[in-house]
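Single-structure report; data block below.
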2 protein chains.
Amino acid sequence: MPDEQGHPEPAEMELGKVLSALADPLRRLVVRELAAGPDGEARTCSSFALPVSKATVTHHFRTLREAGLICQVDRGNSRKATLRRADIEQRFPGLLALLVAEGARGDSQA
Amino acid sequence: MPDEQGHPEPAEMELGKVLSALADPLRRLVVRELAAGPDGEARTCSSFALPVSKATVTHHFRTLREAGLICQVDRGNSRKATLRRADIEQRFPGLLALLVAEGARGDSQA
DNA sequence: GGCCAGGTATGATGCAAGTCGTACCTGGGA
DNA sequence: TCCCAGGTACGACTTGCATCATACCTGGCC
């Protein structure tokens with residue numbers, strides 16, 4: 001499977017899955033960093049330097065992708081992830097702001 | 001408030017705990033019903049008719065309380081739960097709207 | 001007083017989720 | 001060409017969570 005499947009459309013996004021995905025601090029960190037960056041920014045999984053193994057990183061990014069929060073595109077050797085900012089904002093307005101606000105506070109662990 | 005332990009102040013609410021609490025469809029149902037009702041409405045745990053045992057209901061309400069989403073007050077024989085609407089709205093603006101919007105759609109917890 | 005309804009506390013259980021190691025695939029560079 | 005780096009797939013392990021049954025406490029009511 002080269003690139004896109006498992007990328008739900010905006011209407012197919014489920015709040016339960018989104019909240020479950022965002023319940024993990026590592027995944028929240030990823031989304032927060034993406035949300036804090038410029039729109040459309042594409043980053044590799046490894047660029048986040050998560051304190052877990054490669055297999056676990058893959059697992060977290062899969063969870064985010066299946067929840068509809070990020071979009072992963074194969075780019076030859078690597079794979080770039082982008083935040084589905086417009087889709088999220090349309091479907092769950094204000095959600096990203098909550099995550100960014102978390103980072104603006106004490107932030108803390110992961 | 002003589003009773004309250006386990007009721008975090010607004011500033012003490014953690015997004016992680018809130019999202020984890022809201023990741024469960026039963027708990028989301030409770031908050032959604034409370035949010036859809038009038039402000040300050042006090043309901044007993046049993047009034048939600050959750051399809052689980054009493055012990056499980058207690059567990060869910062404890063989770064919601066410790067996340068800071070509801071306030072439970074002993075009222076003699078029973079115990080009334082109220083949504084901490086203002087606190088939630090101040091700390092996580094727009095969050096309740098997302099839950100209510102979920103109910104307005106296809107709904108049905110799963 | 002005795003009884004019952006609403007909640008809580010305490011295990012115990014089953015399943016989902018996070019984690020890892022290892023093997024594997026792909027593409028770029030030496 | 002060989003090798004390495006970035007990711008994925010698979011299997012295994014462990015912890016956490018939702019669930020339950022049971023026992024218990026409290027306050028209202030007959």
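Naming convention: chains lettered A, B, ... in sequence-line order (proteins, then strands); numbering from 1 in each chain. Heavy-atom basis, side chains included; hydrogens, waters and symmetry copies ignored.
Of the candidates B:Arg84, B:Glu89, B:Arg91, B:Arg85, B:Asp87 forms a side chain to side chain contact (heavy atoms under 4.5 Å, CB included) with just one, namely B:Arg84.
Straight-line distance from the CG atom of B:Asp74 to the C1' atom of C:dG6: 11 Å, rounded to whole Å. Here C:dA9 presents its C1' atom at 13 Å from CZ of B:Arg65, a figure rounded to the nearest Å. Atom CZ of B:Phe48 and atom C1' of C:dG6 are 15 Å apart (whole Å). Here D:dG16 presents its P atom at 19 Å from CG of B:Leu19, a figure rounded to the nearest Å.
Between A:Arg62 and the phosphate of D:dT8, there is no side-chain N or O to OP1/OP2 separation shorter than 4.0 Å. Considering only side-chain N and O atoms, B:Arg79 lies nowhere under 4.0 angstrom from the phosphate OP1 or OP2 of C:dG6.
Two residues are said to be in side-chain contact when any heavy atoms from C-beta on lie closer than 4.5 Å; A:Arg28 and A:Glu102 meet this criterion.
Between A:Ala23 and B:Leu19 the shortest heavy-atom distance is CA-CB, 4.2 Å.
Taking the charged nitrogens against the carboxylate oxygens, A:Lys17 and A:Glu66 have no contact shorter than 4.0 Å, which rules out a salt bridge.
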For nucleotides 25-30 of chain D, list the nitrogen or oxygen atoms of the protein found under 3.5 Å from its nitrogen or oxygen atoms, one pair per line.
none

Could you list, one pair per line, each protein nitrogen or oxygen that sits under 3.5 Å from a nitrogen or oxygen of nucleotides 18-23 of chain D, together with the distance?
residue: D:dA18; atom: OP1; partner: B:Arg27; partner atom: NH1; Å: 3.3
residue: D:dA18; atom: OP1; partner: B:Arg27; partner atom: NH2; Å: 2.5
residue: D:dA18; atom: OP2; partner: B:His59; partner atom: NE2; Å: 2.8
residue: D:dT19; atom: OP2; partner: B:His60; partner atom: NE2; Å: 2.3
residue: D:dC20; atom: OP2; partner: B:Ser53; partner atom: N; Å: 2.7
residue: D:dC20; atom: OP2; partner: B:Ser53; partner atom: OG; Å: 3.3
residue: D:dC20; atom: OP2; partner: B:Thr56; partner atom: OG1; Å: 3.1

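Using a 4.0 Å heavy-atom distance criterion, B:Thr58 is classed as a base contact.
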